[in-house]
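Here is the structure we will look at.
Below, read A as the first sequence line, B as the second, and so on, with proteins coming before strands; counting in each chain starts at 1. Because the structure is predicted, anything quoted here is derived from the model rather than measured.
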Number of protein chains: 2
Amino acid sequence: MTVSVREVAALAKVSVGTVSNVMNRPEKVSPDTVERVQAAIRTLGFVRNDAARQLRAGRSRSIGLVVLDVGNPFFTDLARGAENRAAEAGLTVLLGNSDDDEERENAYLDLFEEQRVHGVLISPIGDAADRLARLRERGTPTVLLDRQSDNHNFSSVSVDDPAGGYTAARHLLEIGRRRLAFVGGPVSLQQVTDRLAGARLAVAEQPGATLEVIETAALSVLEGRAAGEALLARAATARPDAIFAANDLLAMGVLQALNMNGQVLVPGDIALIGYDDIAFASAAVVPLSSVRQPSELIGHTAVDLLLREATEGADAEHEQIVFQPELIVRASTGG
Amino acid sequence: MTVSVREVAALAKVSVGTVSNVMNRPEKVSPDTVERVQAAIRTLGFVRNDAARQLRAGRSRSIGLVVLDVGNPFFTDLARGAENRAAEAGLTVLLGNSDDDEERENAYLDLFEEQRVHGVLISPIGDAADRLARLRERGTPTVLLDRQSDNHNFSSVSVDDPAGGYTAARHLLEIGRRRLAFVGGPVSLQQVTDRLAGARLAVAEQPGATLEVIETAALSVLEGRAAGEALLARAATARPDAIFAANDLLAMGVLQALNMNGQVLVPGDIALIGYDDIAFASAAVVPLSSVRQPSELIGHTAVDLLLREATEGADAEHEQIVFQPELIVRASTGG
DNA sequence: GCAATCGATTAAAACGATTCAACGCCGTCC
DNA sequence: GGACGGCGTTGAATCGTTTTAATCGATTGC
């Protein structure tokens, strides 16, 4: 039924070792045997068995990537960057979507470990520190995405979230707003707390400014819409005059709620800024101000770091790379 | 260095066969040996080698999914549907992004074949018929996504694109527009030509109506913006009064060009409708009318079909499932 | 002319989990 | 008391590829 090197070898009248050599180092084989073997491969429709290769090699030729939300363009852009860089190195990226769920996160990590991947890139939920430490002890290098390790134990590629949060809030203050609200959550995500911390700092520096926190269960359009509708239910005077959303999906949800049932509150009554600068932000009902992260570059760089750790072995030094975010001003904050 | 069943067996003072049984059918092993073996697994930090399992099993526990564009929410929604259904069956989904590139498409198919996946779900570029036929002959069942096979040789899950195109164009005609333009491409995508064909039909039924075709190189926001800018460069009288874009990404690009450099042409001068009804469509500058496809359901159903083909073997009958699209009217067509 | 060298090829030993026929042990039945 | 059956366990074979040491011819060097 299934055709293996054995059959190929028989048809080409060579040994299985030679078939292997033809596929992996043809320069070590005489030209006419190469031709004969390749002909045999073609006529039999031989496809080599990756499981057997991996078993022998001890490692697979892929790296695992666990993201919080594949529906978020920030992560698909990041994945694209990682994939391109990995392809250059002859590796494949296995994409896992944890969807903010620790169980799914663990399931993917288990899977990747059983697959003996070259390494894991992960944007972890909460404090996965010991889980990841065990993973690495067993020989799978790991790089954190979009977040630094608390004790510098892991390599990481991230963006300066406190600075991004500061920049966003500062911008809202600079256009004259004082009653700020932060929409974001869950707080188990370090990205959320860091951005909030930065915003708090900016508000604290501005006398008379306040910051209200509206916590959401996820960083999704739906949650944003719910938050926006909650605000809408308030008396007009009780509403903030500016909103900083922890990411663009939330911001777009908020925008839908505030600007799409007849009324138009953004940007006149309420200024709005998001985070990530996804491609859809500029095409929103009111083009969305945002804080841009270099998503593809993050993915690209993370693979570089991972490959370095993988080659240097267990005692590789761990490097934290931090990119700076960039403020993008559009109509939603009066730009 | 690496710990295998052998070491576990030694520590637990049992044979390797028993260790395997503990992991795969614990009910066949006496309770105290189960406990002893599990203790050994824990203390040694044993993680089973998936390559070895697969080699023995002959098949991997995953299915391959090749999509045209991971950046398109339609496909990530579809992937989510597939993933959920696959998870219920204990399978993993490997997601490959062909990015409209036949070379990448082939690379992923090769990879999946070497991995001995349970089957392949693919939204193919152009006519991959013989490539896919070979794949299936070698034992990998295949289901087409978002497109039917020309000769009913493959199972498929798709949406009635001609009907969708007809519905979209008919809607534009019903709101009184007559000079229609279709923006889409490349024509190698059957989705594009089918939607266009449907639109042509609707226009032909309407005396005095015309349909101009503006071909794009891809179904992306960027290409849409380029098309929009080209229209903008024309004299106002030479512009169409309605545009049907082959998908929402294109439509949003067109919208950006037509409504965001000071002027506002949509929907007054030009009505605009997209296709897919991605989540961002309703949050666009002008909320976008669209033709909705049941993306998650497509992915879900495709996995069902695949599993059925896989169990029924080579002589399984091939089923074509076609869902009906749904017109969603929003502000961009005056809704 | 014999040894050394070189290139091409081979045969066999891995890799690690699963499976299956065989085996030992114990209690039951006649 | 011996045959039988059932349960739990074992050991070896197996999956398909890669790799290494060994082999075989043929050529070169002296």
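- Side-chain N or O atoms of A:Arg59 include none that pairs as donor or acceptor with a backbone N or O of A:Gln54 at under 3.5 Å.
- If you take CZ of B:Arg53 and C1' of C:dG16, they are 12 Å apart, rounded to a whole angstrom.
- Whole-Å rounding puts the A:Met23 CE to D:dG16 P distance at 13 Å.
- Around atom CD of A:Glu27, more than 12 heavy atoms belonging to other residues, nucleotides or ligands sit under 6.0 Å away.
- Here A:Thr18 lies in heavy-atom contact (under 4.0 Å) with a base.
- Between the CG atom of A:Asn21 and the C1' atom of D:dA21 there is a distance of 14 Å, given to the nearest Å.
- The environment of A:Arg138 atom CZ is dense: over 12 non-hydrogen atoms of other residues, nucleotides or ligands sit within 6.0 angstrom.
- Among the protein residues, A:Val19 comes within range of no part of the nucleic acid, since none of its heavy atoms lies under 4.0 Å from any strand.
- For A:Ser30, the side-chain atoms get nearest to C:dT9 when compared with the rest of C:dT9, D:dT9, D:dG16.
- B:Ser20 comes within 4.0 angstrom of a base, heavy atoms only.
- Take the nearest nucleotide of DNA chain D for B:Lys13 and for A:Ala52: the residue whose nucleotide is more 5' is B:Lys13.
- For D:dT18, its base sits under 3.5 Å from the side chain of A:Arg56 at one donor and acceptor pair at least.
- The pair B:Glu137-B:Arg134 fails the salt-bridge criterion, with no side-chain N (NZ, NE, NH1 or NH2) lying under 4.0 Å from an Asp/Glu carboxylate O.
- Contacts of B:Arg25 with the nucleic acid, taken as non-hydrogen atoms under 4.0 Å apart, involve only primed sugar atoms and P, OP1 or OP2.
- Note on the helix from C:dG1-D:dC30 to C:dC30-D:dG1: angle between the axes of the first and last five pairs equals 60°, rounded to 10 degrees.
- Contacts of B:Asn24 with the nucleic acid, taken as non-hydrogen atoms under 4.0 Å apart, involve only primed sugar atoms and P, OP1 or OP2.
- Here the P atom of nucleotide C:dT18 and the CG atom of B:Asn49 are 10 Å apart, to the nearest Å.
- For B:Phe46 and C:dG16, the CZ to C1' distance is 8 Å, given to the nearest whole Å.
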